[in-house]
Structures are given as structure tokens and as C-alpha cells.
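Atoms within a ligand are numbered from 1 in the order they appear, just like the ligands themselves.
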Amino acid sequence: MTLLSGKLIIVAGPSGAGKGTIESAIMDKYQDIQFSVSVTTRPRRDYEIEGEHYFFITKAEFLKKVENNELVEWQEVYSKNGKLYGTLRSYIDNALEQGKHLLLDLDIKGGMNMKKAYPEQSVSIFIEPPSLDVLEQRLIKRGTDSPEEIRIRLDRTAEEMELGQQFDHKVVNTNLVDAVNDFSEILTQTIYCQ
Ligand code: 5GP
């Protein structure tokens, strides 16, 4: 029998909530937590490394993996022009068998599906912006979106925050230091308490 002591730390949240920054700080702080590398059909960005940020594959390769049931969960992410993202079953099972803790950065639906697939091993954490008002102010200040785009984005965020209530834990990103402390406290109570 294999002893599965690794945990899956599932992190999701509306875009603009500061998910990536918190994740980096957490992985700097806890060296035994590794980033879970997903497959995606979106093009690689200049700074990204194959096998470190993602496994970049073609749509045909992705669909083959879906057909062969190689993905635990997968989603078409609309805000990314309908690109496909998925979590490899073999990647997760290998890590868990070796007792490794993985941090999974997933979209909200993917996060909920992942938790359903591995209920015993998962801790799901939802990252929220302090409020819709603060997010609106940040978007206005950034000045890259039209008022119409800002409205659409805020509506989507409100919907996402509703779905986020189904996660095990919530971290409100008022500022990075407090958010990392809150996140760490959740880890202390869940994965580092055994
Ligand atoms: P980006 O293209 O900016 O790296 O990621 C876009 C979105 O895809 C983010 O919300 C990220 O959390 C999500 N994502 C990345 N990998 C996966 C995955 O394997 N499954 C799901 N469902 N979403 C993912």
C-alpha cells in the first residue's frame, strides 16, 4: 500500500486579486511546496520555461489527452481566447506518491473539480480582492480598460466571488504581508498539523 501524505493546495480567485504574487511568496517561504505544472494550448510567453510554468502542447495533443482520460480536470479559459488548460493525472499521482505537496493555480471551476477528484488530499483556498469597490478603483487607476469593460469585469468578479464560497478557505488580499500570513496560517492548520 502506498502512503499518500502529499497534499494538493488548490488556489483560485478572480483575476486582479493578486493570486500569483501570493503564490510566489508562499513557495519562497515553504520550500517543500512545489508548483503543479499544467498542460496548456496557449502560446508560451518569453519568460516562461517549458516544464516549469506549463507543458505547452497543441490543441490536437490536448484533445488526445482528454480522450485518453489523462487529465484530472480541464477547462477552456474564455478570458484567454478560449485556450485550454488541464491538470495531468500522472503528474498529480507521482507527486502524491512521493509525499510531495503541490500548489495548483487553477481557474475557479477547475479548482472545484480538482477538489472533487481528490477530496481527501485537497485544501482549496480562494483569493479575493478586498472588495469590488477596491477592484474597480484599481482598474480605473490602471487606465487600460474602458468603463464598459470595467463593468463586465466587475460583474464577472461578483459571480466568481459567489462560486468562491464553495472553497474550504478564503484569503482576502488587502495587502501582501497579511495575505501571506493568513495563507500560512491555513497551511499550519491543514497540511503542517499532521
Ligand atoms: P495564464 O494563461 O495567465 O497562465 O492562466 C490563465 C488561467 O488559467 C488562470 O486563471 C489559471 O489559474 C488557469 N489555469 C492554469 N492552469 C490550469 C489548469 O490546469 N486547469 C485549470 N482549470 N485552469 C488552469
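Under 4.0 Å from ligand 1, the heavy atoms of R42 that appear belong solely to its side chain. Here Y54 has side-chain heavy atoms under 4.0 Å from ligand 1, and that is the only part of it that gets that close.
Those atoms of ligand 1 with a heavy atom of L106 less than 4.0 angstrom away are 12 (O), 17 (C), 18 (C), 19 (O), 20 (N), 21 (C), 23 (N), 24 (C). Atoms of ligand 1 found under 4.0 Å from any heavy atom of G110 (numbered from 1 in listed order, with element): 22 (N). Atoms of ligand 1 lying under 4.0 Å from any heavy atom of Q75, numbered from 1 in the order shown and given with element: 22 (N). Less than 4.0 angstrom separates some heavy atom of D105 from each of these atoms of ligand 1: 11 (C), 12 (O), 14 (N), 15 (C), 16 (N), 17 (C), 24 (C).
With Y85 as the fixed residue, the ring pair (Phe, Tyr, Trp, His ring centres under 6.0 Å) test singles out one of F56, W74, Y54: Y54.
No hydrogens or angles considered: a donor-acceptor pair under 3.5 Å links the side chains of K29 and S184. With hydrogens and angles left out, the side-chain atoms of T40 and R42 include no donor and acceptor closer than 3.5 Å.
Among P43, G13, G111, S38, the residue whose heavy atom lies nearest to atom 16 (N) of ligand 1 is S38.
Relative ring orientation between Y91 and F55 is described as perpendicular, the plane-to-plane angle rising above 60° on a 0-90° scale split at 30° and 60°.
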Item to complete: Tell me, with the steps shown, if K116 and N113 meet side-chain contact (heavy atoms from CB on, under 4.5 Å).
Response: CA-CA 5 Å; K116 277 189 208 132; N113 291 338; 3.8 Å; yes
Discussion item. Does V171 form a side-chain contact (heavy atoms from CB on, under 4.5 Å) with I127? I'd like the steps, not just the answer.
Written reply: CA-CA 5 Å; V171 167; I127 311 284; 4.1 Å; yes
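Ligand 1 lies nowhere less than 4.0 angstrom from a heavy atom belonging to M112. Taking a 4.0 Å cut-off on heavy atoms, K19 registers as neighbouring ligand 1.
Side-chain heavy atoms closer than 4.5 Å link hydrophobic residues (I, L, V, M, F, W, Y) into clusters, and following such links, possibly through other members, connects F183 to L176.
Annotation: E73 places an N or O atom under 3.5 Å from an N or O atom of ligand 1; distance criterion only. Looking at G86 next to ligand 1, an N or O pair under 3.5 Å apart turns up.
Heavy atoms of other residues, nucleotides or ligands lying less than 6.0 angstrom from CD of E162 number 12 at most.
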